[in-house]
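These values consider heavy atoms only, across backbone and side chains, with no hydrogens, waters or symmetry-generated copies. Order of the sequence lines sets the chain letters (A, B, ...), proteins ahead of strands, with each chain counted from 1.
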Amino acid sequence: MQQPKNTHRLLRALAKQGLDVSYDNNIYTVRLNDALSEQPNQRQELPIAEVLLPPDFPIEGKAFQQLARLTTLAHPGGGSVTRAFATPDFHPGDTGVAIGSVIQTEGMVVPAAVGSDINCGMRLHTIDLSLADFLAQRDKFVALMKGDYLLGTRDITMTAAASRGMFADGIPGWLEQMTKQPMGSVARSDFAQLWQEIDRVQFLGSMCGNARWAPSELTPAAGLVRDGDLGTVGGGNHFVEIQEVIEIRHPRLAYESNIKVGQLAIAIHSGSRTVGKYIGGMWRDRAKAAWLKGCPFPQSDLFSLSTTTHPDLVAEYLEAEATAANYAFVNRLILAELMRLRLREVYGDIAAPLVCDLPHNLTFPHKNGWIVRKGACAAAAGQLLITPGSMGTPSYLLSGLGNDRYLNSASHGAGRSISRFELTRAGANYTESDLGLTAVDCITLRNERRIEEAPAAYKSIDRVIDTQVAAGTIEVVAKMRPILTFKA
DNA sequence: ATGTGC
């Protein structure tokens with residue numbers, strides 16, 4: 001495929017900034033000139049970043065710049081990025097890391113690359129309920145959900161032992177204590193079913209028992225803990241949604257997950273809320289404080305921790321990250337549970353089994369080092385993953401193909417094309433129909449949130465998926481359309 | 001991402 005003419009000028013502009021970008025068959029290859037590298041003159045050959053992007057997608061210079069910088073990170077005491085890749089939904093990030101970046105590291109971890117939104121991820125359940133039956137009592141359901149999600153009347157109370165179990169061992173640690181002593185909004189949950197569903201939570205096993213590190217502020221020694229964050233979706237592109245399966249493309253995998261055309265589903269996009277912000281922020285600062293004296297700071301402010309010079313801090317960071325990740329796994333479980341309990345209240349004793357739950361913002365162990373996925377899913381062979389569209393557009397259930405060239409990774413969303421700032425700045429006069437909002441059934445208390453996340457602010461999810469199918473990183477299992485969205 | 005912010 002030829003590089004389109006309109007990108008020529010942009011590529012030349014990037015070259016002037018020190019970025020050499022070449023294009024071939026949907027793949028942009030990015031190199032940094034030595035002057036812009038984080039380690040000028042220190043490394044013979046810098047790793048190359050590849051970006052999987054359809055030729056007609058807008059090239060965002062800032063995102064390319066951020067990816068290139070991330071790719072050249074190295075620790076003066078040992079450790080470096082060895083490979084990098086970006087998914088088609090990649091776009092600039094606020095903290096110097098483009099969303100959709102994937103880096104492979106050896107001998108170091110990069111807390112600031114994971115950032116605050118530790119274990120942001122997706123969860124999908126099917127619901128045994130027809131669309132007609134759902135819509136018949138939609139308003140009653142919405143009224144109940146407004147209480148849970150938007151007005152904060154939910155009650156997430158647990159023993160200190162359950163809270164400690166959650167941080168240390170995630171869902172199993174929390175369930176063990178909650179099964180003994182059910183309380184709060186989830187007391188009526190079917191705990192036997194929650195135990196059975198644990199196997200469908202991806203990567204949870206690597207977290208269990210790894211989170212020995214938890215700040216005492218988060219883990220009271222005794223008494224009852226009333227958690228204000230658990231069971232809340234959070235802002236930005238986070239949501240809870242009722243969807244309808246509209247297309248099956250992989251019948252066997254769909255069948256194995258109880259997915260049929262016309263099937264309703266619950267999709268949840270949320271993370272570790274303020275716990276991740278607290279732990280991510282703390283470790284960004286700790287990595288900076290531990291930087292070797294006399295060594296120049298990285299221009300990007302992305303400080304790594306080296307296993308050569310600070311093995312104890314690397315281990316402690318991974319434990320801290322697991323602490324927040326476990327919190328996020330339980331948060332998504334509780335969000336699903338609140339939804340499931342409300343559905344049962346309105347529609348009777350309907351089943352809503354878990355299909356999968358997966359992180360897309362985390363440090364994953366890989367060979368002798370790690371793969372950091374910042375807004376990207378693991379896509380090992382046969383692994384289910386979800387790429388949600390923007391508000392009002394379809395989501396995809398996918399299966400990984402284990403494509404090592406692209407670091408076994410896939411997109412986590414459609415990718416923003418218009419910034420939140422641009423959409424809400426004074427003088428911006430977008431109408432609801434300009435933004436594609438008129439046909440979206442979204443329940444939220446603040447209309448600015450709908451505008452910031454409008455369909456028109458995002459790239460085409462269909463193109464994002466098609467590009468990856470063509471590249472051989474994923475196959476499509478099913479496609480879902482949104483029926484009803486809840487946002488904070 | 002974050003009860004957002006120098």
Contact class for G236(A) (heavy atom, under 4.0 Å): base, sugar-phosphate, or nothing? sugar-phosphate

Please classify the nucleic acid contact of S116(A) as base, sugar-phosphate, or nothing, using heavy-atom distances under 4.0 Å. base

Applying side-chain hydrogen bond (donor to acceptor under 3.5 Å, both in side chains) to H310(A) and not counting sequence neighbours gives none

For R449(A), side-chain contact (heavy atoms from CB on, under 4.5 Å) partners two or more places apart: T444(A), R446(A), E452(A)

Give the first and the last nucleotide of DNA chain B, reading 5' to 3', that has any atom under 4.0 Å from a heavy atom of chain A. dA1(B) to dG5(B)

May I have the list of side-chain donor-acceptor pairs in residues 91-108 of chain A shorter than 3.5 Å, sequence neighbours left out?
unit_1  : atom_1 : unit_2  : atom_2 : d
S101(A) : OG     : A98(A)  : O      : 2.6
T105(A) : OG1    : M108(A) : O      : 2.8

Could you tell me whether R373(A) sits above the aromatic face of F364(A), with NZ or CZ closer than 6.0 angstrom to the six-membered ring centre and within 45 degrees of the axis? yes

Run the side-chain hydrogen bond (donor to acceptor under 3.5 Å, both in side chains) test against R450(A) and tell me which residues pass, sequence neighbours left out. E432(A), N447(A)

Categorize G228(A) for me: base, sugar-phosphate, or nothing, with a 4.0 angstrom heavy-atom threshold over every strand shown. nothing

What is the nucleic acid contact for G281(A), judged by heavy atoms within less than 4.0 Å: base, sugar-phosphate only, or nothing? nothing

Kindly state each residue pair satisfying salt bridge (Lys or Arg N to Asp or Glu O under 4.0 Å) with at least one member in residues 326-338 of chain A, sequence neighbours excluded. R332(A)-D357(A), E337(A)-R340(A)

Using a 4.0 Å heavy-atom cut-off, does N237(A) contact any base of the nucleic acid, only the sugar-phosphate backbone, or nothing at all? sugar-phosphate

Sugar-phosphate only, base, or nothing, as touched by R449(A) at under 4.0 Å among non-hydrogen atoms: base

